[in-house]
Amino acid sequence: MTTHAHEGPLQHHFDDLRQQYEAANMGMWAFIAQEIMFFGGMFGAYTVYRYKYMAAFVEGSNSLPIQWGALNTAILIASSFTVAMAVRSAQLGHARAILNWLLGTMVLGVAFLGVKVIEYSHKWHHHLIPSRDFRYEGLLDPGQMKIFYSFYFAMTGMHAIHMIIGIGLMFWLIPKIRRGTYSADYYSPIENFGLYWHFVDIVWIFLFPLLYLIGREPWISI
Amino acid sequence: MDQHLSEEHHILPVKLYLSIVSCLFILTAVTILAAFVDLGALNTPLAMLIAIFKGTLVVLFFMHVRYNTPLMWIFAAAGFFWFLILLALLMQDYMSRGWEVVPPVEFLNL
């Protein structure tokens with residue numbers, strides 16, 4: 001039987017469901033490549049400044065609360081699992097299960113942002129926001145410390161904005177899932193949302209050691 | 001409909017997802033513990049190696065790249081490869097700038 005235009009989930013400009021799926025997948029990966037370039041600029045600049053102002057960056061890393069960073073890493077990894085399960089449920093066509101896994105992801109995403117609020121407010125109270133109010137009483141150049149915290153806020157802040165957008169995307173997806181828009185034949189928006197969320201997880205997988213972990217070893221802290 | 005997408009897809013077993021997520025948790029613990037162990041100059045490379053391994057697990061299994069077509073492999077790899085070029089050229093520039101501290105060359109005044 002030949003398929004007619006707009007019959008079922010297949011859009012008329014695609015030959016078949018597979019081609020439609022691959023086109024959506026490829027578009028999403030092109031977007032992710034662009035996101036790598038976007039975050040890559042910041043990671044590159046961070047590398048250069050860390051190399052130039054090693055002592056200040058080591059002291060900065062040692063000042064960050066490792067327990068909160070570790071907790072957030074665990075939360076994000078758990079949320080990547082719930083998203084992977086949501087996509088799997090979509091592949092099987094279980095709408096109820098997609099909803100539940102996405103709700104779990106939302107809870108974890110909000111928990112991540114909650115931890116970030118705790119960390120940011122702690123920095124606010126200790127005058128560590130790079131501004132005129134910035135205060136640093138150590139032995140190193142306060143200007144270099146400011147640069148470290150500028151990177152900290154720019155990178156974690158941009159990451160947090162991505163998390164907020166991700167949570168927003170789930171609010172957009174959930175009513176559509178309820179309406180039964182997605183099936184085992186068409187679930188690209190859920191799959192692509194999953195790719196986005198996993199990418200944001202990967203960014204944090206690199207941010208956590210770069211900001212919180214390296215420079216902790218005993219030999220480097222004089 | 002002569003074909004269904006669901007029949008063509010690799011639907012991965014829950015067990016695989018569980019083992020990947022356990023791996024990620026364990027590696028997070030390892031990288032935190034390793035940060036406090038004195039490994040000389042190797043601390044930072046080790047932290048980055050673990051992060052790259054964790055990221056690769058996410059890309060291959062959670063993002064399904066392992067089961068995708070070669071074209072998708074290229075698309076997925078392009079962004080990361082571009083980032084390596086950025087980092088390599090950036091650092092070879094900054095790390096070879098020792099010239100700046102050399103006193104001015106005198107023959108320029110001739």
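No hydrogens, no waters, no symmetry mates; every other heavy atom, side chains included, goes into these values. Here is the naming used below: chain letters follow the sequence lines, and residue numbers restart at 1 for every chain.
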(Q) For the interface with chain A, which of B:Leu27, B:Leu86, B:Ile32 has the highest count of heavy-atom pairs at distances below 4.5 Å? (A) B:Ile32
Q: Among the options A:Ile214, A:Val48, A:Ile32, pick out the one with the most heavy-atom pairs lying under 4.5 Å from chain B.
A: A:Val48
Q: Measure distances from A:Leu213 to the heavy atoms of chain B and classify the residue's part below 4.5 Å as side chain, backbone, both or neither.
A: both
Q. Of the backbone (N, CA, C, O) and the side chain (C-beta and beyond), which part of B:Pro45 lies under 4.5 Å from a heavy atom of chain A, both, or neither?
A. neither
(Q) Once you measure the plane-to-plane angle for A:Tyr152 and A:Tyr212, does it fall in the parallel (<30°), tilted (30-60°) or perpendicular (>60°) bin? (A) perpendicular
Q: Would you please say whether a donor-acceptor pair under 3.5 Å links the side chains of A:His198 and A:Ser80?
A: yes
Q) Going by distance alone, is a donor N or O of one side chain under 3.5 Å from an acceptor N or O of the other, for A:Tyr149 and A:Ser63? A) yes
Q | B:Leu46 versus chain A, the contacting section by heavy-atom distance below 4.5 Å | A | neither
Q) Does any non-hydrogen side-chain atom of A:Tyr46 lie less than 4.5 Å from one of A:Phe148? A) yes
**Q.** Any B:Thr69 side-chain heavy atom under 4.5 Å of A:Asn25 side chain
**A.** no
Q: Evaluate the ring planes of A:Phe151 and A:Tyr49, with Trp represented by its six-membered ring, and classify them as parallel (under 30°), tilted (30 to 60°) or perpendicular (over 60°).
A: tilted
Q. Of all of B:Phe75, B:Phe83, B:Phe81, which one pairs up most often with chain A through heavy atoms under 4.5 Å apart?
A. B:Phe75
Q. Is it the side chain or the backbone of A:Val83 that comes within 4.5 Å of chain B heavy atoms, both, or neither?
A. neither
Q) With respect to chain A, which residue among B:Asp93, B:Leu71, B:Val58 yields the maximal number of heavy-atom pairs within a distance under 4.5 Å? A) B:Val58
(Q) Under a 4.5 Å cutoff for heavy-atom pairs, which residue among B:Tyr17, B:Phe61, B:Phe80 has the most contacts with chain A? (A) B:Tyr17
Q: Select, from B:Val59, B:Ile20, B:Val21, the one with the greatest count of heavy-atom pairs under 4.5 Å involving chain A.
A: B:Val21
Q) Hey, what's the ring geometry for A:Phe81 with A:Trp101, parallel, tilted or perpendicular (30° and 60° as the breaks)? A) perpendicular
Q.
Quick check on B:Phe36: does its CZ atom have over 12 non-hydrogen neighbours (other residues, nucleotides or ligands) under 6.0 Å away?
A. yes
Q.
Need one label for B:Thr31: side chain, backbone, both or neither, based on atoms under 4.5 Å from any heavy atom in chain A.
A. both
(Q) Taking every non-hydrogen pair under 4.5 Å, which of B:Ala29, B:Ala76, B:Ala34, B:Gly55 racks up the most with chain A? (A) B:Ala76
**Q.** Contact leader toward chain B among A:Phe199, A:Phe43, A:Trp197, A:Phe206, where contacts are heavy-atom pairs under 4.5 Å
**A.** A:Phe206
(Q) Could you check, using the six-membered ring where one of them is a Trp, whether A:Phe112 and A:Trp204 have ring centers closer than 6.0 angstrom? (A) yes
**Q.** Region of B:Met91 in contact with chain A, defined by heavy-atom distances below 4.5 Å
**A.** side chain
**Q.** Heavy-atom proximity to chain B below 4.5 Å, by part of A:Thr47
**A.** both
Q. Heavy-atom distance under 4.5 Å between the side chains of A:Ile174 and A:Met106, does that happen here?
A. yes
Q | Contacting moiety of B:Val65, where chain A heavy atoms sit under 4.5 Å | A | side chain
